[in-house]
Engineer: 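Here it is, the structure, as structure tokens.
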Amino acid sequence: KELFTTFVVPFEISSVLFLSAMVGAVVIGKKD
Amino acid sequence: MPINYYLFLSIALFAIGIVGVLTRRNAIIIFMCVELMLNSVNLLLVAVSKMHHLAGAATNAVAGTEGQLFVFFIMVVAAAEVSVGLAIIVMMYRNIHSVDINFLNRLKH
């Protein structure tokens, strides 16, 4: 009944976007 | 379950968020108002999805759940944007030691 078999492509794209945002936040917030 | 109440609440929250973004001076409050606007849109989408589900001709096999799936993606984007925005604020605080946004006015002089 879940639509994750129909809408799996935006799900993967949004997960990649979220991962890149996390990497970007860590890169901005680094103090060395 | 009067849906008009949810519509008015969402419109009121969105208006408060817009007024807050344009008026406030603290950067953290501006971020909170942006999150408020995003959450008001989420509430609107869920309410309209419920209305579609109730007023649909075939209530047994409903395809009115696209609104709720879109809300899921909006939440993911909001979380990513909050993390990057807070990283920017932390860097700004490290440079000028205040979260006042009028610092960009001072660059004009």
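Note that this is a predicted model, so its numbers are computed, not measured. Note on naming: letters A, B, ... go to the chains in the order of the sequence lines (proteins, then strands), and numbering restarts at 1 for each one.
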Engineer: State the CZ-CD distance between B:Phe31 and B:Glu35, to the nearest 0.5 angstrom.
Structural biologist: 8.5 Å
Engineer: Atom CD1 in B:Ile28, atom SG in B:Cys33: separation rounded to 0.5 Å?
Structural biologist: 12.0 Å
Engineer: Should A:Val8 and A:Glu12 count as side-chain neighbours, where that means a heavy-atom distance under 4.5 Å?
Structural biologist: yes
Engineer: Does the side chain of B:Ile16 come within less than 4.5 Å of B:Val19's, by heavy atoms?
Structural biologist: no
Engineer: Is any side-chain heavy atom of B:Met37 less than 4.5 Å from a side-chain heavy atom of B:Val41?
Structural biologist: no
Engineer: Which residues in residues 77-93 of chain B have a heavy atom less than 4.5 Å from any heavy atom of chain A?
Structural biologist: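 Residues in range: B:Val77, B:Ala79, B:Ala80, B:Ser83, B:Val84, B:Ala87, B:Ile88, B:Met91.
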Engineer: Quick check: is A:Val9 connected to A:Leu17 through a chain of hydrophobic side chains (ILVMFWY, heavy atoms under 4.5 Å apart)?
Structural biologist: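 As far as the 4.5 Å side-chain criterion goes, A:Val9 and A:Leu17 are not connected within one cluster.
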